[in-house]
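Everything below concerns the one structure shown next.
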Protein chains: 2
Amino acid sequence: MGNAKLVRTRAQRDDTKPARDRKAARAEPASARERILHAAEQLFAEHGMSGVGLRAISAAAEVNLASIAYHFGSKDGLLEALFALRAAPIAEERLRLLDEAEQRADGNPELEDILDAFVRPALTMGSQRNGGPAFGRLRARLATEPEALSRKILSVAFDASSHRFIDAIANALPKLPRAEVEWRFHFMLGAMYYTMANSGRIQALTGGRCDPGDVKRALRHMIPFLAAGFRSSPQRPA
Amino acid sequence: MGNAKLVRTRAQRDDTKPARDRKAARAEPASARERILHAAEQLFAEHGMSGVGLRAISAAAEVNLASIAYHFGSKDGLLEALFALRAAPIAEERLRLLDEAEQRADGNPELEDILDAFVRPALTMGSQRNGGPAFGRLRARLATEPEALSRKILSVAFDASSHRFIDAIANALPKLPRAEVEWRFHFMLGAMYYTMANSGRIQALTGGRCDPGDVKRALRHMIPFLAAGFRSSPQRPA
DNA sequence: GTCTATACAGTGATAGAC
DNA sequence: GTCTATCACTGTATAGAC
């Protein structure tokens with residue numbers, strides 16, 4: 001667990017199977033691998049990475065305990081596989097939305113559209129199934145972990161798209177120093193992750209009036225807030 | 001672990017000893033209780049709540065393993081005790097700074113001063129010792145946990161001061177709907193927690209130029225960003 | 001009251017039989 | 001490939017020494 005080299009599975013076949021039958025995968029997850037991934041995603045998001053045991057996962061997926069070690073090497077390996085499965089589509093959708101916005105605006109998109117392209121996929125694409133934003137919550141949890149493994153996983157998954165967005169924001173705010181853009185990007189990450197985590201804190205504070213799980217509403221509140229923050233003049237007036 | 005009733009210790013004496021000798025506590029933490037708390041704070045912050053075992057804590061504190069269960073009931077009980085020790089001073093300092101700002105401004109303090117009074121104690125008062133913001137990181141971790149226990153701990157520690165600050169912000173922005181204030185308060189919490197977590201992500205993205213561990217700089221960037229967000233008009237123009 | 005030794009049911013991981 | 005059996009380790013509980 002200490003050093004952060006990514007786990008190598010014993011079954012090293014190149015997964016990402018070319019989807020030989022999409023329909024079958026929908027009805028009842030065929031392979032043991034997929035059932036494990038699905039069960040782990042639900043349970044991890046609900047009880048946290050260390051709140052749920054491999055035995056519970058194997059039971060929910062209806063596979064043998066050792067089978068999960070066989071397919072994923074370790075509990076951490078299972079986490080990595082989950083990210084490999086879910087993170088890439090999010091990063092791709094971000095870039096797609098950004099490209100779209102840039103084309104619409106001839107290379108100079110509105111700041112709001114850039115921020116929306118960054119945040120929206122993260123909030124909406126957390127496991128549509130079961131209605132629960134399972135992956136998003138898991139990801140938010142990982143984002144606050146200091147463990148080297150977590151950093152590595154997030155880094156390989158999102159570094160490229162993050163850099164691209166920092167550049168796009170800097171381009172939309174040419175007067176803002178680069179360092180200021182980076183700080184504000186950091187604050188945006190915080191607001192986004194905390195919304196994804198949906199810890200229930202703000203519901204408790206407001207008697208349920210404010211619900212981060214309502215993605216549409218969250219975005220409508222979040223984007224103007226962030227955009228105004230990004231546009232503000234850097235130094236504190238007082 | 002499931003239900004969130006706070007842990008009752010076997011040694012139920014009212015702690016918060018009236019500091020009979022401040023100097024002695026500085027040199028070499030006298031009681032086993034304090035040594036355990038100190039060791040746990042450091043280790044929890046460094047490796048995460050479930051990344052470190054009770055045996056490691058007992059070794060670092062130079063006490064017997066069972067002694068920690070005696071004083072704190074359980075691992076979760078240890079966490080609660082840590083919060084009881086560190087959270088209260090932070091909440092108090094927040095209210096003190098807010099009172100100060102209100103007095104200076106005859107009841108209508110600047111928004112920036114309100115936000116500063118809220119965020120500053122959280123960033124600065126995370127265990128001055130060892131130079132490491134140990135408690136802050138731990139707190140940020142807890143904030144993204146969905147576990148009932150975490151919510152309970154944070155709730156009893158910070159509900160009162162949070163409500164007070166939501167009111168103060170709403171008072172400073174009389175045109176802003178209450179719900180909007182609450183959403184933005186939520187985003188502020190996210191930015192603050194992510195800064196406290198100091199996950200290293202933004203350092204990695206920026207080659208170390210941006211360091212959330214630099215509290216002074218973090219505040220100078222954060223307050224104007226948040227203030228602008230709070231002041232912005234609610235609905236997205238487009 | 002404080003501390004200790006020891007035991008127990010649970011965890012993740014693994015070797016090896018089928 | 002899959003499963004059984006087992007390992008070292010975790011948090012917790014308890015009986016009893018000072």
Side-chain angles (χ1 to χ4, degrees), chain A residues 1-15 17 29-37 39-40 43-44 47-82 145 147 149-150, chain B residues 1-17 20 29-37 39-40 43-44 47-82 145 147 149-150:
Chain A
M1 199 86 102
N3 58 356
K5 74 165 53 173
L6 297 191
V7 177
R8 316 207 114 251
T9 320
R10 240 167 107 191
Q12 265 302 10
R13 53 172 185 179
D14 48 345
D15 27 73
K17 42 181 59 177
S31 76
R33 226 189 111 91
E34 289 170 26
R35 272 179 309 177
I36 294 170
L37 280 169
L43 291 172
F44 278 167
H47 304 103
M49 173 77 177
S50 37
V52 64
L54 288 183
R55 279 147 182 99
I57 297 175
S58 74
E62 298 179 34
V63 297
N64 186 277
L65 168 62
S67 155
I68 145 175
Y70 168 75
H71 283 292
F72 302 100
S74 69
K75 201 180 186 181
D76 289 345
L78 177 54
L79 189 71
E80 289 175 31
L82 246 174
E145 297 269 341
E147 300 286 341
L149 175 68
S150 317
Chain B
M1 196 86 103
N3 59 356
K5 76 165 50 173
L6 297 191
V7 177
R8 316 207 114 251
T9 319
R10 241 167 108 191
Q12 266 300 9
R13 54 166 186 182
D14 48 344
D15 26 73
T16 63
K17 43 183 57 177
R20 64 177 179 202
S31 77
R33 225 190 113 94
E34 288 170 28
R35 274 179 307 175
I36 293 171
L37 281 170
L43 291 173
F44 278 166
H47 304 103
M49 173 78 177
S50 38
V52 63
L54 288 183
R55 278 150 181 96
I57 297 175
S58 74
E62 297 179 33
V63 299
N64 187 276
L65 168 63
S67 158
I68 145 177
Y70 167 75
H71 283 289
F72 303 100
S74 68
K75 200 179 185 181
D76 288 345
L78 177 53
L79 189 71
E80 289 175 32
L82 246 173
E145 297 270 339
E147 298 287 341
L149 174 68
S150 317

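All chains are named by letter (A, B, ...) in the order of the sequence lines, taking the proteins before the strands, and each is independently numbered beginning at 1. All of these numbers come straight from a predicted model, not from anything done at the bench.
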Expressed in angstrom and rounded to an integer, what is the separation of [X] atom [atom1] from [N] atom [atom2]?
{"X": "B/His47", "N": "D/dT10", "atom1": "NE2", "atom2": "P", "value": "13 Å"}
{"X": "B/Asp76", "N": "D/dT10", "atom1": "CG", "atom2": "P", "value": "17 Å"}
{"X": "B/Tyr70", "N": "D/dA17", "atom1": "OH", "atom2": "C1'", "value": "14 Å"}
{"X": "B/His71", "N": "D/dA13", "atom1": "NE2", "atom2": "P", "value": "16 Å"}
{"X": "B/Phe72", "N": "D/dG11", "atom1": "CZ", "atom2": "P", "value": "15 Å"}
{"X": "B/Lys75", "N": "C/dG10", "atom1": "NZ", "atom2": "P", "value": "18 Å"}
{"X": "A/Leu78", "N": "C/dT11", "atom1": "CG", "atom2": "C1'", "value": "15 Å"}
{"X": "B/Ile57", "N": "D/dT10", "atom1": "CD1", "atom2": "P", "value": "11 Å"}

task = Output the single nucleotide from D/dC3, C/dT4, D/dT12 whose closest atom is nearest the side chain of B/Leu54.
result =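 Within the option list, the nearest is D/dT12.
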query = From D/dT14, C/dA13, D/dC3, pick the nucleotide closest to the side chain of A/Ala66?
reply = D/dC3
ask   = Taking atom types as they are modelled, is there a donor-acceptor pair under 3.5 Å from the base of C/dG12 to the side chain of A/Arg55?
value =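 Answer is yes: a donor-acceptor pair is held.
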task = Describe the nucleic acid contact of A/Ala69 in one word from base, sugar-phosphate, nothing, applying a heavy-atom distance below 4.0 Å.
result = base
